[in-house]
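Below is one structure, written out as structure tokens; the observations come after it.
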Number of protein chains: 2
Amino acid sequence: MNKTEHKVYQGKRKSKKRQLVYETLAKKELPVTAEEIFMEIALKDDKISLSTVYRALEAFMADGIVQKTMIGESSNGLFEVRANEHKHYLMCVECKKMLAIKDCPLQDYENQLEKTTKFKIKSHQLQVYGVCEKCQKN
Amino acid sequence: MNKTEHKVYQGKRKSKKRQLVYETLAKKELPVTAEEIFMEIALKDDKISLSTVYRALEAFMADGIVQKTMIGESSNGLFEVRANEHKHYLMCVECKKMLAIKDCPLQDYENQLEKTTKFKIKSHQLQVYGVCEKCQKN
DNA sequence: GTGAATGCAAAGAGTTTGCAAGGTT
DNA sequence: AACCTTGCAAACTCTTTGCATTCAC
């Protein structure tokens, strides 16, 4: 499954609004806020309300096809389609730009944690913070 | 520096309330909400207001001695004293109990990331989710 | 037709802020 | 005295909810 092919949302009802939310989100390289999805749909063509976006995201999360992440210290949630290939994010603490990292070093660590903690490990989230090349020069 | 010895807060003014906030936080093994700090101080002996707690935490964060973390999908922030030895947290997705993990596997990974991304890496946060031994039996 | 999805406005949680009063140096 | 910190209430942001209407099956 490459970047431009996304599975179609199969909820209880295939409403146009939910599909729009899903498609808007699926195109993103980086996690986005509910507000950003809302703005993008509202400005482009269709009318939609912010609560519809939240409700759609909630439904997708219940189905396990969308995931919410909290990055940085901000209180607003970021959403992303749960890709086959999981990603982490590197954020510049100065300009706040994010970079997706596809390489994940935690498989062995999870196996080891299962042994030492008796937990059945389900998932993890990793955020890395630093200063990007551009900001280092300023 | 062992668990019971904590450096004293050195802010602009050594007010009693801020020291109380710091001491309350420093005793914790796991990150806590502003509300929990507030309740603990208010119930024990001293009167304090929630905004004072937030303002104290803000000051400590500016000084780099306290750090805010977002764990799970909840919207409220958790605070912890920035320890010499950094920790990660394993959270049970069912009972929400947290477990501190002191073993961090990310040093090599950070070095490698500095080379591939040209970022100067400053810090990272890792949250691991799973099902604890007790909840697996239920 | 039945139940799910939507829009709107209102409510809710968590956090921040303005201002007058009190505390620290 | 100068300036920082506090408490209170109000404001703010993000998210959720109630309800009447609309839409999908």
Side-chain angles (χ1 to χ4, degrees), chain A residues 8-25 28 30-63 65-80 96, chain B residues 8-25 28 30-63 65-80 96:
Chain A
V8 170
Y9 166 61
Q10 301 292 344
K12 331 242 166 163
R13 292 278 148 83
K14 293 182 215 146
S15 85
K16 276 175 195 158
K17 302 292 168 73
R18 286 205 177 166
Q19 275 188 224
L20 265 172
V21 171
Y22 182 81
E23 283 158 22
T24 305
L25 191 55
K28 301 293 177 189
L30 295 168
V32 292
T33 62
E35 183 89 29
E36 286 173 274
I37 298 170
F38 164 70
M39 289 297 274
E40 185 166 329
I41 296 176
L43 289 177
K44 206 190 311 172
D45 36 11
D46 298 79
K47 297 280 161 282
I48 195 168
S49 92
L50 186 52
S51 25
T52 299
V53 175
Y54 275 110
R55 279 192 270 231
L57 291 169
E58 186 185 32
F60 297 147
M61 286 194 289
D63 290 353
I65 62 180
V66 160
Q67 141 180 18
K68 184 178 178 181
T69 337
M70 311 300 296
I71 298 181
E73 288 173 0
S74 77
S75 64
N76 55 351
L78 299 177
F79 298 87
E80 66 189 310
K96 311 295 179 196
Chain B
V8 170
Y9 166 60
Q10 302 290 345
K12 331 241 164 161
R13 291 277 147 83
K14 296 184 212 146
S15 85
K16 277 177 192 158
K17 302 293 168 75
R18 287 205 178 166
Q19 274 188 225
L20 265 173
V21 171
Y22 182 81
E23 283 158 22
T24 305
L25 191 56
K28 300 294 177 188
L30 295 169
V32 293
T33 62
E35 184 88 32
E36 286 174 273
I37 298 170
F38 164 70
M39 289 296 276
E40 185 165 329
I41 296 175
L43 290 177
K44 204 189 314 174
D45 35 12
D46 299 81
K47 296 279 160 284
I48 195 169
S49 92
L50 186 52
S51 24
T52 300
V53 175
Y54 275 111
R55 279 191 271 229
L57 291 170
E58 187 185 30
F60 297 147
M61 286 194 289
D63 290 352
I65 61 180
V66 161
Q67 141 181 18
K68 184 178 179 183
T69 337
M70 311 300 296
I71 298 182
E73 289 174 357
S74 77
S75 63
N76 55 350
L78 298 177
F79 299 87
E80 65 189 311
K96 312 294 178 196

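Please read these numbers as outputs of a predicted model, since none were measured by experiment. We name chains A, B, ... by the order of the sequence lines, and we start the count at 1 in each one.
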- Message: From CD1 of A:I48 over to P of D:dC23, roughly how many Å is that when rounded to an integer?
- Response: 14 Å

Grab the N/O contacts between the protein and nucleotides 12-16 of chain C below 3.5 Å, and write none if there aren't any.
unit_1 : atom_1 : unit_2 : atom_2 : d
C:dT15 : OP1    : B:G77  : N      : 2.8
C:dT15 : OP2    : B:Y54  : OH     : 2.2
C:dT15 : O5'    : B:Y54  : OH     : 3.0

Where do N or O atoms of nucleotides 19-22 of chain C meet protein N or O atoms at under 3.5 Å, pair by pair?
none

- Query: Does A:S49 place a side-chain N or O at less than 4.0 Å from the phosphate oxygens OP1/OP2 of C:dG7?
  - Reply: yes

- Who pairs with B:K44 by side chain to side chain contact (heavy atoms under 4.5 Å, CB included), at least two apart in sequence or on another chain? B:K27, B:E40

- Are B:T52 and D:dG7 close enough that a side-chain N or O sits under 4.0 Å from OP1 or OP2? yes

- Note on the structure: From CD of A:Q19 across to C1' of C:dT6 the rounded distance in Å is 15 Å

- Message: Applying side chain to side chain contact (heavy atoms under 4.5 Å, CB included) to A:K28 and A:F79, what does each step give before you reach the verdict?
- Response: CA-CA 10 Å; A:K28 301 293 177 189; A:F79 298 87; over 6 Å; no

- Should the heavy atoms of other residues, nucleotides or ligands under 6.0 Å from CE of A:M39 be counted, would the total exceed 12? no

- All side chain to side chain contact (heavy atoms under 4.5 Å, CB included) counterparts of B:T33, not counting sequence neighbours: B:E35, B:E36, B:N76, B:L78

- Query: Roughly how many Å is it from CD in A:E36 to C1' in D:dT13, rounded to a whole number?
  - Reply: 15 Å

- Message: For D:dT5 and B:K16 - does any side-chain N or O of the residue sit under 4.0 Å from the phosphate oxygens OP1/OP2?
- Response: no

- Determine: side-chain N/O of A:K17 to OP1/OP2 of C:dG7, distance under 4.0 Å, yes or no. yes

- Message: Let me test you: for the helix from C:dG1-D:dC25 to C:dT25-D:dA1, what is the angle between the axes at its two ends (five pairs each), rounded to 10 degrees?
- Response: 30°

- Task: Spell out, as yes or no, whether a donor-acceptor pair under 3.5 Å connects the side chain of B:K17 to the backbone of B:V53.
- Result: no

- Within a strict 4.5 Å, meaning less than it, do heavy atoms of the A:V21 and A:I48 side chains meet? yes

- CD1 of B:I41 versus C1' of D:dG7: gap in Å, rounded? 14 Å

- Query: Would a 4.5 Å heavy-atom cut-off, applied to side chains only, mark B:L25 and B:L57 as touching?
  - Reply: yes

- Task: Would you please name every residue forming a side-chain hydrogen bond (donor to acceptor under 3.5 Å, both in side chains) with A:K96, sequence neighbours left out?
- Result: none

- Rounded off to whole Å, could you give me the OH-to-P distance for the A:Y22 and C:dA5 pair? 17 Å

- Among all residues two or more places apart in sequence or in another chain, which pass the side-chain hydrogen bond (donor to acceptor under 3.5 Å, both in side chains) test with A:T52? A:S49

- Kindly say if A:R18 contacts the phosphate of C:dA4, meaning a side-chain N or O under 4.0 Å from OP1 or OP2. no

- Item | Nearest-angstrom distance from the residue atom CD1 of A:I37 to P of D:dC14 | 14 Å

- Query: Does any non-hydrogen side-chain atom of B:Q19 lie less than 4.5 Å from one of B:K16?
  - Reply: no

- Which residues pass the side chain to side chain contact (heavy atoms under 4.5 Å, CB included) test with A:L20, sequence neighbours left out? A:I41, A:D46

- With sequence neighbours excluded, residues passing salt bridge (Lys or Arg N to Asp or Glu O under 4.0 Å) with A:E80: none

- Once you round it to whole Å, what is the distance between P of D:dC8 and NZ of B:K47? 10 Å

